Amino acid sequence: MTASSLPSFTFRNVLISSALLRVGLILYSEWHDARSLVKYTDVDYRVFTDAAIFISNPGAGDENQAAGPLQGFFGFNFGFGSPYTRETYRYTPLLALLLTPNAWLHPSFGKYVFAACDLLNGWLIYRMLLTEIIPEADQSPGESSSSGSGAGKRRKLNPYLEERRERMATIYSAVHLLNPLVFSISTRGSSESVLSLFVLATLYAAMNENWDWAGVLLGLSTHWKIYPVVYGVSLLGVITATSYSSRERAKMGRIATLVNPKTIRFGIVSASTFVLLGALCYAIWGYPFLFESYLYHVHRLDHRHNFSPYFYLTYLIYPSSSPPTAEAVPLPWWNELIRSPLTSFVPQMGLALGTGLAFGRTKRDLVFAWFVQTVVFVVFNKVCTSQYFLWYLLLLPLLLPELSMSWRRAFSCIVVWAATQGLWLSEAYKLEFLGENVYFSLWVRGLIYVMGNCWVLVQIMKAYRATR
Amino acid sequence: MVSKLSTNSTLSPSYGSHPTIITDVQISLSPTNSDTTCTLFLHYELPPLLFVDPYELELRGAEYQVLETRGRGKKELERPVHALPVNEGDDDEEVEVVIQRTLPAETTGPARVELPIHVRYGEPVASSTSKPYTVQEFSGPTVVLTCSDEVLSCDRTTTLPQFLLDTIPTSLRDLSLCVASQSPEQSLAISAPIGNTLDLPTVELGTTAVVLACFAWVAWEAWRAGARLREGASSKVKSN
């Protein structure tokens, strides 16, 4: 075999390899699950599939019926069942609707959809890297491109530079496409790649300054899962930066950079999309949709062990369903404050929104703003499982070209990020599978997880567009 | 010939959150009709600390079918034991599960049935030992054997739980039954760790302190990063 016959490292080849890898894993999952009691497929996929079956097979009478006031349209009966007949289905009904072919076409249909979303995400990452991010990063760290349409700005480059940018874009997008966490999660049947697609599409529209589309996609993302709403804050400053000249912006106060006709239009488009989708789902599926998709998450108490140190506190103060045997002693005010949901909500949302406002000023900084916002949202959340890491890992390939840190520091960040998880997982194994009482030490490791991830985030903030 | 039915159940492992009740059923009978099929029914009564995931049991459809489940906590898979709803309809304290398994004709010998169960978080207690546990004892399943077109003559002294009787299909209920259950001395037991309420002050203060300290730290570094980026942007504007 000669050097010229070796497959070249192009994005097309990375995409094909990623597709083949995912198809192979999905086929393997079918083989494995048919022969083993320990399934490759995630429990959540069974939940989605059951919900899809329920939604497409309404029962007789009141059993498994969509509970909303709108059951038909001009004489045409929708004939929907309720996905919420399936216990623990706490997602938008649109997800169950998307997966209805699981019931009548093939049980693995959903996995192929999730894998396809993975590939689309990889393509979006590649395009954004090639057309926006790497060209920006090739400028000096302190510079930012002037406002204007993103699509037609590229000058004719010398072939060497163009080849270098394509190679870098391919490498960084391969970080996502060939990330074991990414392809294992989608082929096991987790739906995170669908939300990732909406988030990346929102970012892509923003980078191309298609603000109406960005608003629609942000509304869709937020309908799917609430957390993307924080991205709206960072988009406001960027909309102003790209829609008004520097002279006009110089006359604006800080409030006006956030609230002006352009940002108001964006807010209306985004909010309208969210409300319309919610109204449609409520009209068909009624209160169960509202409760399971949104309200449940407001009041949920996650007492079982997870990365967040809040789990042990929640467990120890979990309200009992039995009447108290003795009169409750009123707590001092500082104790009430500590136990108040505000103590967790204020740091989380304060940082998520504050960093959005602080960093969402230019289009070039948008990826960085979203990355920081997502990390703080996940780290300071009252519950955290491994799937949440995908929310910010998705943005990491887009951020890498703008990070300037030594290999030693980068290695330290990876080690700290992985080691804090490993430290926690090794203790959680003792609790879950060996039945050892390690609640306290697991809580301590949850604190270490928070501190370690904050340290990594601080290193990334220091390395972002740092002077080389 | 007197038919014989005996059962022995173990818990594997007797610790951790996801043990399995393994029931070995010894059957000794000689059906006279080669078309005869026999059916095993197993009735489990689980205390509130334990629960089954009905969707998980559906995946064992090749081994057995779950006929019925009931009990408080049948649906509340995600709550600790002390937060299970009380007085919910006619559900009793315990979770009852009845499964059915069809056996081939001329059945003699052992049959093994495995029921995966899960352990809830128990109610925290104040414990000076700092690492408290709770030990939950419960009985193995009551096993019932019926055979179509067959009159079983077997020792039957165990009284059947009403829920089990009501769940057995009518056509089989009228046949003669063999019943076996584990003796009380052979009850199963699982040890589960529980939280210590004496940890609460430390956990409250520690969580709050670390979260607020990290919040302040990240906010400070974010401010510095923002200032650096703004300084870089204004330098570019000036140079232009």
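Each chain gets a letter, A, B and so on, in the order the sequences are listed, and its residues count up from 1. Atoms considered below: every heavy atom in the structure, side chains included; atoms not considered: hydrogens, waters and symmetry mates. Please read all numbers here as calculations on a predicted model, not as lab measurements.
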Please walk me through it: do A:Tyr89 and A:Asp50 pass side-chain hydrogen bond (donor to acceptor under 3.5 Å, both in side chains)?
CA-CA 9 Å; A:Tyr89 182 80; A:Asp50 290 345; over 6 Å; no

Please classify the contact of A:Lys430 with chain B as side chain, backbone, both or neither, using a heavy-atom distance under 4.5 Å.
neither

Residue part contacting chain A, namely of B:Val210, when any heavy atom lies under 4.5 Å:
side chain

Examine whether an atom of A:Gln348 lies under 4.5 Å from a heavy atom of chain B, and if so say whether it belongs to the side chain, the backbone or both; otherwise answer neither.
neither

Check whether any side-chain heavy atom of B:Thr39 sits under 4.5 Å from a side-chain heavy atom of B:Leu145, and report yes or no.
no

Quick one: of B:Pro80, B:Ser191, B:Cys214, who has the most non-hydrogen atom pairs under 4.5 Å with chain A?
B:Pro80

Side chain, backbone, both or neither: which part of A:Thr355 has a non-hydrogen atom closer than 4.5 Å to chain B?
side chain

Contact leader toward chain A among B:Ser14, B:Ser17, B:Gly226, where contacts are heavy-atom pairs under 4.5 Å
B:Ser17

Measure distances from A:Leu313 to the heavy atoms of chain B and classify the residue's part below 4.5 Å as side chain, backbone, both or neither.
both

Interface residue of largest heavy-atom contact number with chain A, from B:Glu204, B:Arg60, B:Arg230, B:Lys131, under 4.5 Å
B:Glu204

Is it true that A:Lys39 and A:Asp33 make a salt bridge, defined as a side-chain N closer than 4.0 Å to a carboxylate O?
no

Under 4.5 Å from a heavy atom of chain B, the part of A:Leu431 involved
both

Do you know which of B:Ile194, B:Thr202, B:Leu212 has the most heavy-atom pairs with chain A at a distance under 4.5 angstrom?
B:Ile194

With a 4.5 angstrom heavy-atom cut-off, which part of A:Val376 approaches chain B: side chain, backbone, both or neither?
side chain

Heavy-atom contact with chain B under 4.5 Å, split by part of A:Pro347:
both

Toward chain A, the part of B:Ala192 with a non-hydrogen atom under 4.5 Å:
neither

Whether B:Trp220 and B:Trp223 hold their rings parallel, tilted or perpendicular, with breakpoints at 30° and 60°:
parallel

Residue A:Tyr464 versus chain B: region with a heavy atom under 4.5 Å:
both

Between A:Thr257 and A:Arg254, is there a side-chain donor-acceptor contact under 3.5 Å, judged purely by atom types and distance?
yes

Once you measure the plane-to-plane angle for A:Tyr392 and A:Phe371, does it fall in the parallel (<30°), tilted (30-60°) or perpendicular (>60°) bin?
perpendicular

Any residue meeting ring-ring contact (aromatic ring centres under 6.0 Å, His included) with A:Tyr429, in chain and number order, not counting sequence neighbours:
A:Phe433

For B:Tyr55, does the six-membered ring have the charged nitrogen or CZ of A:Arg86 within the cation-pi criterion, i.e. under 6.0 angstrom from the centroid and within 45° of the normal?
yes

What I'd like to find out is whether the side chain of B:Thr23 reaches to under 4.5 Å of the side chain of B:Tyr44, using heavy atoms alone.
yes

Under 3.5 Å: donor-acceptor pair, side chain of A:Asn437, backbone of B:Pro193
no

State, with a plain yes or no, whether a side-chain heavy atom of B:His43 is found less than 4.5 Å away from one of B:Pro141.
no

What option among B:Thr197, B:Leu205, B:Asp199, B:Thr208 has the most heavy-atom pairs under 4.5 Å with chain A?
B:Asp199

Relative to chain B, which segment of A:Phe359 carries a heavy atom at a distance below 4.5 Å: side chain, backbone, both, or neither?
side chain

What part of B:Pro19 lies closer than 4.5 angstrom to a heavy atom of chain A: side chain, backbone, both or neither?
neither

